[in-house]
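So the structure is just underneath, and the comments pick up after that.
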Protein chains: 2
Amino acid sequence: MSADERRTQLVEAAIQVMCRDGVAGATTRAIVAEAGVPLGVFHYCFRSKEELLQEVLETIVGRGLHAALSTVGRRRTPRAAMRASLRALWEVVEKNPEEHLVTYELTQYALRQQGLAALARRQYDHYVTSNVRYFEALADATGVRWKKPLPFVARLVATQLDGITLRWLVDRDTEQALAMLDACVDQVLSLTRPARVTGRS
Amino acid sequence: MSADERRTQLVEAAIQVMCRDGVAGATTRAIVAEAGVPLGVFHYCFRSKEELLQEVLETIVGRGLHAALSTVGRRRTPRAAMRASLRALWEVVEKNPEEHLVTYELTQYALRQQGLAALARRQYDHYVTSNVRYFEALADATGVRWKKPLPFVARLVATQLDGITLRWLVDRDTEQALAMLDACVDQVLSLTRPARVTGRS
DNA sequence: GTCTATAGGAAGATAGAC
DNA sequence: GTCTATCTTCCTATAGAC
């Protein structure tokens, strides 16, 4: 097995351990045990544990594990489309609560480490750009126009999703989470003008 | 010095250490060093480190360190009043970034610990009830009426503040944070009807 | 109650045989 | 490269003198 495969294997194992036991529980020993490799392997794949954690963070960011809007469904109104997108996203959240909890833990870990704060920023910017793409697609599909800069709208939604997700991780109140998602839709729609013509481009 | 004073002394020291070095850095040694007491003191004040952490969490929750609305200023319109309240709250956040970061870390710590999840829930409920009281006062002062149940409005705002704060801790973009606070005001106002009579009760 | 000294274990990292 | 055995350090917790 190549050294590079080994690295990804350990990164995946680390993520699994983190989901189960938290970031604090992801010791080098727990990680290699999860991967089924001897302890010594760790240090000829990674210079240090911090190097592994950095790669874990990059992997999670790249994977877009966190809550960000993606595909626009084929719906009539912007409201129906965005509502459906948010519901789809929310299913992902509720299916992998641990993974999302890990994301929050890693963000905070990054904020505490000198030099990793930039990674946390990249992570959060990633959500915004994803949402920008989404809203461009939504405008394209439904013809809505924006009253505010798209990056601002995207940021608003990313931030709300962040808060809603964290809240849900605490109390697991799905009903309230869905209600807040709907409120988020209303808020975004209040920042739009109706389509100039009712057709699509 | 009484045993009870010692406990609070250590709890305060723990909070200070956590602000500086994070929850992970708050070892028993670091805490007693911060408090200026010998290591042995720790274990005749607390049965274990977990017992201390629990008291730290309760202290922070009770103190309402986290973002929740409080006093209603004397303003003409609901918009001006709520905007001022949010700005006041935001000043507190920006003055103590570390303390707020600690709050997030502790929440996640609690979510990982068997039996402490209830404390995290209490913590988050606390923000909602604070906001409920605030909005009651706001209605009282300005005469606005609510289209949605007050607990829902309160929860919405608590969740948004949570997201906005976390986002700001990552990128420290004050301008964007303030813009999102304003959007939050608009959202809340869209859930109100204007006052029946323009005077106050 | 108070504090020193130390136990006992787990952590990250390495040395060195193969 | 691979893995075992070990080093060093730091942790929580306790034992026991005062």
Side-chain angles (χ1 to χ4, degrees), chain A residues 1-59 102 105-106 108-110 112-116 119, chain B residues 1-58 102 105-106 108-110 112-116:
Chain A
M1 182 173 281
S2 85
D4 225 42
E5 285 174 319
R6 271 275 158 89
R7 280 175 72 98
T8 58
Q9 181 193 12
L10 284 173
V11 167
E12 290 307 319
I15 293 174
Q16 277 208 290
V17 173
M18 286 176 185
C19 287
R20 199 178 52 236
D21 305 321
V23 172
T27 64
T28 51
R29 286 176 159 80
I31 292 166
V32 295
E34 180 77 23
V37 299
L39 177 58
V41 167
F42 190 92
H43 278 90
Y44 58 82
C45 290
F46 297 97
R47 221 185 309 276
S48 68
K49 195 190 167 187
E50 193 179 340
E51 191 177 305
L52 168 90
L53 279 168
Q54 187 165 338
E55 197 152 318
V56 165
L57 236 166
E58 280 167 356
T59 302
V102 166
E105 288 182 288
L106 282 175
Q108 275 149 44
Y109 172 83
R112 288 285 181 194
Q113 298 293 320
Q114 186 69 16
L116 261 66
L119 242 165
Chain B
M1 183 176 282
S2 87
D4 226 39
E5 286 174 319
R6 270 275 157 91
R7 281 175 70 99
T8 59
Q9 181 193 13
L10 284 173
V11 166
E12 291 306 320
I15 292 174
Q16 276 206 291
V17 173
M18 285 175 185
C19 288
R20 199 177 52 235
D21 305 322
V23 172
T27 65
T28 51
R29 284 177 158 78
I31 294 166
V32 295
E34 180 78 23
V37 299
L39 178 57
V41 167
F42 190 92
H43 278 90
Y44 60 80
C45 289
F46 297 98
R47 220 185 311 277
S48 67
K49 196 190 166 184
E50 194 179 341
E51 190 176 304
L52 168 90
L53 280 168
Q54 187 164 338
E55 196 150 319
V56 166
L57 235 165
E58 280 167 356
V102 166
E105 287 182 288
L106 283 174
Q108 275 148 44
Y109 173 84
R112 288 284 181 195
Q113 299 293 319
Q114 187 66 18
L116 259 66

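In what follows, chains carry the letters A, B, and so on, assigned in the order in which the sequence lines appear, proteins first and then strands, with residues in each chain numbered from 1.
Within the 4.5 Å cutoff, no side-chain heavy atoms of A:Gln113 are placed close to those of A:Leu53. Residues A:Thr8 and A:Thr59 have side chains not in contact (no heavy-atom distance under 4.5 Å, counting atoms from C-beta outward). You'll find the side chain of B:Leu116 reaches within 4.5 Å of the side chain of B:Glu50, heavy atoms only. A 4.5 Å side-chain heavy-atom check between A:Glu51 and A:Arg7 finds at least one atom pair inside the cut-off. Between A:Phe46 and A:Val11, the closest side-chain pair of non-hydrogen atoms falls below 4.5 Å. Side-chain contact check for A:Lys49 versus A:Phe42: some heavy-atom pair is nearer than 4.5 Å. Looking at heavy atoms from C-beta onward, B:Val32 lies out of side-chain contact with B:Thr28 at the 4.5 angstrom threshold.
Taking atom CZ of residue A:Arg7 and atom P of nucleotide D:dG1, one finds them 12 Å apart after rounding to whole Å. Per the geometry, OH belonging to B:Tyr44 stands 7 Å off C1' belonging to C:dC3, to the nearest Å. Rounded to whole Å, the distance from CD on B:Glu5 to C1' on C:dT2 is 16 Å. Rounded to an integer number of Å, the gap from B:Leu52 CG to D:dA13 P is 10 Å. Summarising the geometry, the separation between CZ on A:Phe46 and P on C:dA11 is reported as 18 Å, rounded to the nearest angstrom.
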Restricting both atoms to N or O, compile the protein contacts to nucleotides 13-15 of chain C shorter than 3.5 Å, with distance only.
from, atom 1, to, atom 2, distance (Å)
C:dA13, OP2, A:His43, NE2, 3.2
C:dA13, OP2, A:Lys49, N, 3.0
C:dA13, O5', A:His43, NE2, 3.4

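Contacts between residues 8-26 of chain B and DNA chain D, defined by a heavy-atom separation below 4.0 Å, involve no residue at all.
If you check every strand for non-hydrogen atoms under 4.0 Å, B:Val37 touches nothing.
A side-chain contact (heavy atoms from CB on, under 4.5 Å) with B:Val56 is found for one member of B:Ile31, B:Val23, B:Ile15 and no other, namely B:Ile15.
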